[in-house]
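Count residues from 1 along the sequence. Excluded from the calculations below are hydrogen atoms, water molecules and symmetry mates; all remaining heavy atoms, backbone and side chain alike, are included.
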Amino acid sequence: AIIYRFIKMKSNHKSTLIFVLIVVVIDTAGFGLIFPVLPQLLINLLHSDITTAAKYGGWLSFAYAIMQFVFAPVLGNLSDQYGRRPVLLSSLFGFSIDCIFLAFAPSILWLFVGRTIAGITGASYSVASACVADISTDDNRTKNFGLINAGFGLGFIIGPIIGGTLGQFGTHTPFIVAAILSFINFIFGYYFFPESLKANNRRKFDRKRANPFGSLKHLQKFPLIKTLVLSMIFVSIANHSMESVWAFFTIEKFKWSTSLVGYSLAFIGILSIIVQLWLVSILAKKLGDKRMAVLGFVLMMTGFFLFAFTSWQWLLFTALLLFIVGGILVILYFIFQDEINQKVAPKASVPVVETMVVKAYFLNTISDPALLDCSNVYAVSRTVPKSVEVARASLEELLKGPNIDEVTAGYVSSINPGTLLKSIKIEEGIAYVDFSSVLGQAVAGSCRVQSIRAQIDSTLMQFPTVTSIVISIEGETEG
């Protein structure tokens, strides 16, 4: 139904949107497809029990994740210089190769080779999001990214179901099917996918932006944020440990089949969507961020405790519900950084004069829980002095970040805390805006850049006198 809606669109970018949607669905489905059949595949290759297979499964996940950490910002920068098309096509081809390795691997070493290739080339979702940002306008941006997020959720639901079902016909079958689908997607993209990033919007490869450790160095300047990120790392380790061992755990303790493992993972995907779209919005209105975090941690710990000691399957699904709700609440707390922004960012002083209402644009974790759409931003109203400097005042409100009420409503900012507006002038419809160097620090990958640009552009384009924006940092124009 989603693809049918795209086909009916009368847009010059129709083929791009169709392709991006297919990329997202196939990639997320392929990723989820692996989990149900991986335990049996490892048992067969290692000629061992499931305990040994679980250890190797953890190392395979590590190999994929470490390659993603190192190469995702590199691919993001390459797509900024050479365009989205070659990077996205290489990602699809890399995933096809990975699935072939998984399907026909004669030894465990070949599995590691395949996962390493997939990790290096596996930046398809971030690049796909950048493609949508390139071709979207203010009128259709929300709809376009909403459909892409729907594709992401759909892929994560159908992937495990397909993997579990096909796994009954042999551990190799799901990987062969995934390889064929991905290669068909590659061929389709090669002939029909146009480049979305115009030549005048490209910029040269920057080693600093491609450095995955750049953000960690930047954290030294902000001790409060460093502590928050450290806490988030510990929580992420706990979450991903559960994801990595779920199939092994349920097969060992409850003797589940591959199909039942697939259905349970699909259940997790459906439950996560329901929690993010419905339950979180209710709790966000009734609880502050700290109370929500405390509740989230309690639910997560209860869920882990039940996972460890339950012997009843009905209680296992209860624990799963507690774990998912708690995990989402904790993640939302980590991105509610208003109080930290207020402490690390200098406060602007504006004389008290007659005021007017303007808009500032931020990302939103309730309207868009995954925050994977890069350029999808939402307006909040702010009161500023009524003067000829109203554009400057609006940008200064944007740089302050969301206030506590807006944070509770899900608003967050991609702009670095402490960024200063150095100058702004508007000539013949063009707004020339210069920021301090903090804006460009540790900004790795195209998705983050797209979201920052969207926040600034949307905030300035609310004024009829502004038709385009040129952004510079310390006098150096982007591009």
Side-chain angles (χ1 to χ4, degrees), residues 30-68 98-99 101-116 118-119 156 159-175 178 233-269 300-320 322-324 327:
F31 189 76
L33 176 149
I34 294 173
F35 288 107
V37 294
L38 183 61
Q40 190 59 49
L41 178 64
L42 290 173
I43 290 173
N44 295 343
L45 284 176
L46 296 169
H47 304 289
S48 63
D49 57 15
I50 196 166
T51 302
T52 304
K55 294 178 182 178
Y56 279 90
W59 283 112
L60 284 171
S61 297
F62 173 79
Y64 178 86
I66 196 68
M67 292 298 102
Q68 279 271 283
D98 173 43
C99 290
F101 273 104
L102 293 173
F104 299 105
S107 66
I108 190 67
L109 177 62
W110 288 97
L111 291 186
F112 280 96
V113 173
R115 287 279 79 190
T116 300
F156 196 77
I161 294 178
I162 295 174
T165 303
L166 294 178
Q168 300 178 67
F169 302 98
T171 55
H172 303 296
T173 306
F175 302 109
I233 290 174
F234 287 130
V235 171
S236 297
I237 291 173
N239 284 335
H240 289 298
S241 66
M242 178 268 185
E243 296 170 2
S244 299
V245 303
W246 177 256
F248 300 93
F249 167 70
T250 53
I251 291 173
E252 169 66 16
K253 190 166 186 176
F254 298 102
K255 310 303 179 185
W256 281 8
S257 63
T258 55
S259 59
L260 191 54
V261 172
Y263 297 147
S264 71
L265 291 171
F267 171 76
I268 292 174
M300 280 187 66
M301 289 186 292
T302 304
F304 276 123
F305 182 82
L306 293 176
F307 286 149
F309 296 105
T310 184
S311 299
W312 299 287
Q313 294 190 41
W314 67 267
L315 192 55
L316 179 68
F317 281 95
T318 302
L320 200 57
L322 298 176
F323 171 78
I324 290 174

**Message:** Does anything in residues 52-64 form a side chain to side chain donor-acceptor pair (under 3.5 Å)? List the pairs, not counting sequence neighbours.
**Reply:** Asp49-Thr52

**Request:** With sequence neighbours left out, write down each residue that passes side-chain contact (heavy atoms from CB on, under 4.5 Å) with Glu252, or none if nothing qualifies.
**Result:** Ile50

**Request:** For the pair Phe104 and His172, name the ring-plane relationship: parallel under 30°, tilted 30 to 60°, perpendicular over 60°.
**Result:** parallel

**Prompt:** Does Glu243 have any side-chain contact (heavy atoms from CB on, under 4.5 Å) partners at least two apart in sequence or in another chain, and if so, which?
**Reply:** His240

**Request:** Over all heavy atoms of both residues, which pair between Thr310 and Lys253 is shortest? Give the atoms and the distance, please.
**Result:** O-NZ, 2.7 Å

**Request:** Taking ring-ring contact (aromatic ring centres under 6.0 Å, His included) as the test, write out the residues that go with Phe248, two or more places apart.
**Result:** none

**Complete:** Correct closest heavy-atom pair for Val37 and Gly167 would be CG1-CA, 3.6 Å

**Request:** List for me each residue that meets ring-ring contact (aromatic ring centres under 6.0 Å, His included) alongside Phe304, sequence neighbours excluded, and say none if there are none.
**Result:** Phe323

**Prompt:** Between CG of Leu260 and CZ of Phe254, what distance do you get to the nearest 0.5 Å?
**Reply:** 10.5 Å

**Asked** Residues in ring-ring contact (aromatic ring centres under 6.0 Å, His included) with Phe175, at least two apart?
**Response** none

**Item:** Counterpart residues, side chain to side chain donor-acceptor pair (under 3.5 Å), relative to Ser241 (two or more places apart)
**Value:** none

**Request:** Could you tell me how the ring of Phe267 sits relative to the ring of Phe317: parallel (under 30°), tilted (30 to 60°) or perpendicular (over 60°)?
**Result:** perpendicular

**Item:** Residues forming a side chain to side chain donor-acceptor pair (under 3.5 Å) with Gln313, sequence neighbours excluded
**Value:** Trp256

**Item:** Heavy-atom pair with the smallest gap, counting every atom of Cys99 and Ala178
**Value:** SG-CB, 3.7 Å

**Message:** Which residues pass the side-chain contact (heavy atoms from CB on, under 4.5 Å) test with Leu111, not counting sequence neighbours?
**Reply:** Leu41, Leu42, Leu45, Leu60, Leu102, Ala105, Ile108

**Message:** Taking side chain to side chain donor-acceptor pair (under 3.5 Å) as the definition, give me every residue that meets it alongside Thr250, ordered by chain and number, with sequence neighbours left out.
**Reply:** none

**Request:** State, with a plain yes or no, whether a side-chain heavy atom of Phe62 is found less than 4.5 Å away from one of Phe112.
**Result:** no

**Message:** Using the side-chain contact (heavy atoms from CB on, under 4.5 Å) criterion, which residues pair with Ser311? Sequence neighbours excluded.
**Reply:** none

**Message:** Going by the rule ring-ring contact (aromatic ring centres under 6.0 Å, His included), which residues pair with Phe305 if we only count those two or more places apart in sequence or in a different chain?
**Reply:** Phe309

